[in-house]
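Structure, as structure tokens:
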Amino acid sequence: MPGTGAERSSMSIEHETILEDLRRREPIFHRREFGTSRDDLLQMTDEGFWEIGASGKIYTREFVIANLLERYKQPEPHDWLCEDFSISELAESLYQINYILKEPDRTTRRTTLWRRSDGGWKIVFHQGTVMA
């Protein structure tokens with residue numbers, strides 16, 4: 001189960017290092033230090049990137065980038081709490097990060113698939129599910 005103490009204690013040093021690196025990038029697209037331009041967003045997302053929003057709607061890479069470019073015109077209005085992180089290596093250089101995001105009006109369970117490439121980390125997929 002994601003986020004259990006047993007899973008954390010059995011993690012390799014390599015996985016702990018990767019988890020810490022990816023944790024700094026979450027919640028994705030809210031960490032402006034990783035870039036806010038179209039080129040930055042193209043660089044950090046895989047060509048096949050897609051997202052399932054907390055509403056259950058599916059969003060394409062182009063839709064997400066267009067919306068982010070509009071959102072980035074305003075200051076970031078929050079610094080939401082992320083907790084209960086866990087990591088799984090799904091395949092060579094492909095990692096799944098799970099965590100809980102606490103916003104003022106809702107709490108969501110988040111999953112991001114990250115691929116390590118020669119150009120750095122790429123977001124392959126993201127999903128947010130509202131917790132009851």
Side-chain angles (χ1 to χ4, degrees):
M1 177 180 291
T4 64
E7 182 176 321
R8 288 286 309 228
S9 65
S10 66
M11 249 194 277
S12 71
I13 298 296
E14 178 187 12
H15 284 157
E16 286 183 21
T17 302
I18 292 168
L19 176 60
E20 289 310 310
D21 189 23
L22 295 177
R23 178 191 299 232
R24 292 182 313 108
R25 299 168 185 272
E26 299 283 356
I28 60 169
F29 309 129
H30 293 279
R31 302 291 184 220
R32 294 185 181 198
E33 63 268 26
F34 293 102
T36 57
S37 72
R38 179 172 184 74
D39 286 344
D40 293 332
L41 295 168
L42 288 170
Q43 179 64 29
M44 74 175 73
T45 54
D46 188 79
E47 287 183 21
F49 170 82
W50 62 291
E51 176 177 330
I52 300 174
S55 65
K57 292 182 182 176
I58 294 174
Y59 300 105
T60 65
R61 181 186 195 202
E62 283 304 316
F63 180 88
V64 169
I65 289 173
N67 278 277
L68 288 169
L69 292 174
E70 285 301 311
R71 186 172 85 198
Y72 291 156
K73 292 177 182 177
Q74 302 299 319
E76 190 70 36
H78 48 71
D79 187 17
W80 296 328
L81 175 66
C82 296
E83 61 184 22
D84 199 23
F85 278 86
S86 66
I87 186 171
S88 298
E89 185 174 4
L90 303 179
E92 186 176 340
S93 299
L94 182 65
Y95 297 87
Q96 178 181 10
I97 299 295
N98 296 297
Y99 61 96
I100 294 173
L101 176 64
K102 293 189 173 184
E103 303 170 63
D105 59 338
R106 68 182 185 179
T107 299
T108 52
R109 187 170 303 279
R110 302 287 175 120
T111 296
T112 309
L113 298 184
W114 290 90
R115 178 177 290 123
R116 186 170 25 193
S117 69
D118 292 338
W121 289 107
K122 300 255 187 198
I123 306 162
V124 176
F125 171 81
H126 181 72
Q127 181 172 355
T129 303
V130 175
M131 295 175 67

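Quantities reported herein were computed from a predicted structural model and do not represent experimental measurements. In what follows, every heavy atom counts, from backbone to side chain, and hydrogens, waters and symmetry copies are set aside.
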What distance separates Ile58 CD1 from Ile52 CD1, expressed to the nearest 0.5 Å? 5.5 Å

CG/Asp118: more than 12 non-hydrogen atoms of other groups inside 6.0 Å: no

Please check this pair: side chain of Ser55 against backbone of Lys57, looking for a donor-acceptor N/O pair closer than 3.5 Å. yes

Side-chain donor/acceptor of Tyr72 to backbone N/O of Phe29, under 3.5 Å: yes

Taking side chain as C-beta onward, heavy atoms only, is His15 less than 4.5 Å from Tyr95? yes

For the pair Arg116 and Glu14, find out whether any cationic side-chain nitrogen is under 4.0 Å from an anionic carboxylate oxygen. yes

Kindly compute the distance separating CD1 (Ile65) from CZ (Arg38), expressed to the nearest 0.5 Å. 5.5 Å

Side chain of Asp40, backbone of Ser37: donor and acceptor closer than 3.5 Å? yes

Shortest non-hydrogen contact from Met11 to Glu16? O-OE2, 3.6 Å

Scanning both residues in full, the closest heavy-atom pair of His126 with Ile28 reads CG-CD1, 3.4 Å

Rounded to the nearest 0.5 Å, what separates atom CG in Asp46 from atom OG in Ser117? 8.5 Å

Taking only Lys NZ, Arg NE, NH1 and NH2, and the carboxylate oxygens of Asp or Glu, determine whether Arg110 and Glu51 approach each other closer than 4.0 Å. no

To the nearest 0.5 Å, what is the distance between CD1 on Ile87 and CH2 on Trp114? 11.0 Å

What pair of heavy atoms forms the shortest contact from Met44 to Gly35, and how long is it? CE-O, 3.9 Å

Euclidean distance, Leu113 CG relative to Gln127 CD, rounded to 0.5 Å: 9.5 Å

Side chain Asn67, main chain Phe63, donor-acceptor under 3.5 Å: yes

Take atom CD in Glu92; do more than 12 heavy atoms of anything else shown fall under 6.0 Å from it? no

Has Arg31 got a side-chain atom pairing as donor or acceptor with Glu26's backbone, closer than 3.5 angstrom? yes

Within the 4.5 Å heavy-atom criterion, are Phe49 and Val64 side-chain neighbours or not? yes

Considering all heavy atoms, the nearest Leu101-Pro27 contact: CD1-CG, 4.1 Å

Who else is in the cluster with Val130 when I, L, V, M, F, W and Y are joined by side-chain contacts under 4.5 Å? none

Measure the shortest side-chain to side-chain distance between Leu41 and Leu68 over non-hydrogen atoms and say whether it is less than 4.5 angstrom. yes

With a 4.5 Å heavy-atom cut-off, do Ser88 and Leu90 have their side chains touching? yes

State the CG-CZ distance between Leu19 and Arg24, to the nearest 0.5 angstrom. 11.5 Å

At their closest point, which heavy atom of Arg106 faces which heavy atom of Thr108, and how far apart are they? NE-CG2, 4.0 Å

Any luck finding a side-chain donor-acceptor pair between Thr45 and Arg61 under 3.5 Å? yes

For Trp121 and Gln43, which I'm curious about, is there any donor-acceptor pair between the side chains at under 3.5 Å? no

Quick check: is Ile97 connected to Phe125 through a chain of hydrophobic side chains (ILVMFWY, heavy atoms under 4.5 Å apart)? no

Counting C-beta onward and ignoring hydrogens, is there a side-chain heavy-atom pair between Trp50 and Thr60 closer than 4.5 Å? no

According to the interplanar angle, ranging from 0 to 90°, do the rings of Phe85 and Tyr99 count as parallel (below 30°), tilted (30 to 60°) or perpendicular (above 60°)? parallel

Considering non-hydrogen atoms only, spot the tightest contact between Arg32 and Arg71 and give its length. NH2-O, 3.6 Å

Pair Arg25-Glu20, salt bridge (charged side-chain N to carboxylate O under 4.0 Å, His left out): steps then yes or no: CA-CA 9 Å; Arg25 299 168 185 272; Glu20 289 310 310; over 6 Å; no

Should Arg23 and Glu83 count as an ion pair when the cut-off is N to O under 4.0 Å? no

Using links of under 4.5 Å between side-chain heavy atoms of ILVMFWY residues, direct or through other members, which residues join Ile100 in one cluster? Met131

